There are 2 protein chains.
Amino acid sequence: MAKPPNPARRSESSRQAILAATGELCSQVGYGRLTIEAIAARAGVSKKTIYRWWPSKGAVVLELLGETATIATAPPDTGDLAADLHTMLTEIVDILTRDSAGTGVISEALNDPDLARDLRERLIQPGIDAFKQRLRRAQDAGRLHPDADLDVALDLLYGPIYHRMALHLGMPGPAYLGSLITHALRALTPPTPH
Amino acid sequence: MAKPPNPARRSESSRQAILAATGELCSQVGYGRLTIEAIAARAGVSKKTIYRWWPSKGAVVLELLGETATIATAPPDTGDLAADLHTMLTEIVDILTRDSAGTGVISEALNDPDLARDLRERLIQPGIDAFKQRLRRAQDAGRLHPDADLDVALDLLYGPIYHRMALHLGMPGPAYLGSLITHALRALTPPTPH
DNA sequence: GATAAACGACACGTGTCGTGTCGTCAGGAG
DNA sequence: CTCCTGACGACACGACACGTGTCGTTTATC
């Protein structure tokens, strides 16, 4: 029934004020205590304006994350696979460590299928594609087993990060990240190189 | 100020009614829509009684999960390490797949440090201990590299499950679980067996 | 410059939260 | 067996955030 708004007439300044207010409030009070009302008040904006363009608080934070995302852009390729993986994994660890926006959206998406779809399509899947793209190059270069399953590779490399996040086991530091990468690569490399 | 209640005089029947109502409602409407008020109404109990013994909805669901937890009990040991790991991982996958209680508590704990502490102490850590206990036996039997880091092993094996849960990548089936275990074990086994 | 619609403001009903109050009832202590 | 403390069910309460509706005002497109 409610006719969809016309994006051409959308106020860009309001949009940016909303995202800015969301970021500030989220880092101040945390994602859990973040409310639409507070965002509207801080941004000097009517609640109606927020609800006109976003379905939920999670969607706003998701868009905020998307604004500053370098994730999905082309993955690093220095020739050193382990180093490149370390770079990519570190970026995720940083996002999940910096403030509560990242973990907040993930936690909300666990109970909100619509938000989950948005999250996957707009942030996760591009990251996965970039990751697999990098691994495929390594495979072509003979650095990985030719039959290696890239889904397994993804799970082995990124799994530990989300495991430790979900269960509050402490986020991995650089050294431990290196150890994880070493082990994962061992599982994906031909057993007898020599 | 609020004096702590006396557990000796606690009504066991109310407690069980609350947990039962929580389970029924959670599977009906999902964890996200579960409310303390609804639990109280369904259990025929005053809200005050719930708040007297639990600090939050998450704590109630956590206790419910603890009631039916086989997780922390002694891990299986058939002699076949891969098969035992498959059994253990399958149990977690089942819990996270069955209803929304498991993922609900995990998602809530991401934004609630107190709940996170309870979750880790009462469910996660015992499970980790049992897992490491089983792996240590495998290590003693020479099935694992003597220097293998059991924290890495934990991350490689359980990580993929939580990774796929958090990012809605689809929970692994038995076959894929087997593939993950094979790869993880390859990373933890002496490189040149022969 | 006209006009349609997005905007800020504000009010509204709803639902849930967490707490307070009160009379009742049960189960340990003596 | 009786007393008496305190947990119980019931209900009311204020606070808060939700999501929607209304109404002038403003703004950007045509």
Side-chain angles (χ1 to χ4, degrees), chain A residues 1-22 24-26 28-63 100 104-105 107-108 111-112 114-115, chain B residues 1-22 25-26 28-63 100 104-105 107-108 111-115:
Chain A
M1 276 305 163
K3 55 185 67 174
N6 180 359
R9 302 197 54 172
R10 180 171 187 182
S11 166
E12 177 63 17
S13 63
S14 289
R15 180 180 160 275
Q16 288 183 0
I18 290 167
L19 292 182
T22 300
E24 296 163 8
L25 285 172
C26 194
Q28 281 178 14
V29 305
Y31 181 88
R33 300 190 204 286
L34 185 67
T35 66
I36 298 276
E37 308 232 13
I39 295 173
R42 159 80 83 130
V45 148
S46 170
K47 275 196 297 175
K48 204 77 197 268
T49 302
I50 299 182
Y51 283 112
R52 178 148 40 221
W53 301 108
W54 291 278
S56 66
K57 134 181 138 175
V60 180
V61 179
L62 175 57
E63 179 155 336
S100 60
V105 169
S107 84
E108 193 113 308
N111 289 309
D112 181 341
D114 292 333
L115 180 62
Chain B
M1 274 306 162
K3 54 186 69 174
N6 182 358
R9 301 193 58 170
R10 181 173 186 179
S11 165
E12 177 63 18
S13 63
S14 290
R15 180 181 160 275
Q16 288 182 359
I18 290 167
L19 292 182
T22 301
L25 285 172
C26 194
Q28 281 178 13
V29 305
Y31 181 89
R33 300 190 206 285
L34 184 66
T35 66
I36 297 277
E37 309 233 11
I39 295 173
R42 158 81 83 130
V45 147
S46 171
K47 276 197 297 173
K48 203 78 198 269
T49 301
I50 298 182
Y51 283 112
R52 180 148 38 222
W53 301 108
W54 292 279
S56 67
K57 138 180 137 176
V60 180
V61 179
L62 175 57
E63 179 156 335
S100 61
V105 169
S107 84
E108 193 114 307
N111 290 310
D112 182 340
D114 291 333
L115 181 61

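Since the structure is predicted, the reported quantities are computational estimates derived from the model, not experimental observations. All values below come from the heavy atoms of this structure, side chains included, with hydrogens, waters and symmetry mates left out.
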Could you state the [atom1]-[atom2] distance from [X] to [N], rounded to the nearest angstrom?
X: R10(A); N: dT29(D); atom1: CZ; atom2: P; result: 14 Å
X: R9(B); N: dC25(C); atom1: CZ; atom2: C1'; result: 10 Å
X: E108(A); N: dC18(D); atom1: CD; atom2: C1'; result: 13 Å
X: Q16(B); N: dC8(D); atom1: CD; atom2: P; result: 13 Å
X: R33(A); N: dC16(D); atom1: CZ; atom2: P; result: 14 Å
X: R15(B); N: dA7(D); atom1: CZ; atom2: C1'; result: 16 Å
X: I18(B); N: dA7(D); atom1: CD1; atom2: P; result: 14 Å
X: N6(B); N: dA7(D); atom1: CG; atom2: C1'; result: 9 Å

Kindly determine whether E108(B) and K57(B) satisfy salt bridge (charged side-chain N to carboxylate O under 4.0 Å, His left out), including the steps that lead there.
CA-CA 9 Å; E108(B) 193 114 307; K57(B) 138 180 137 176; 5.0 Å; no
Quick check with a 6.0 Å cut-off and a 45 degree axis cone: is R10(B) positioned over the face of W54(B)'s six-membered ring?
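Here R10(B) passes the 6.0 Å and 45° test against W54(B).
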Looking at every non-hydrogen atom in both residues, tell me the closest pair between [X] and [Y] and how far apart they are.
X: I36(B); Y: S56(B); result: CD1-C, 4.3 Å
X: L62(B); Y: L115(B); result: CD2-CD1, 4.0 Å
X: I50(B); Y: V60(B); result: CG2-CG2, 4.3 Å
X: Y31(B); Y: G58(B); result: OH-CA, 3.3 Å

Where along residues 35-53 of chain B does a heavy atom come under 4.0 Å from DNA chain C, residue by residue in number order?
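Nucleic-acid contacts, sorted: T35(B), I36(B), E37(B), K47(B), K48(B), Y51(B).
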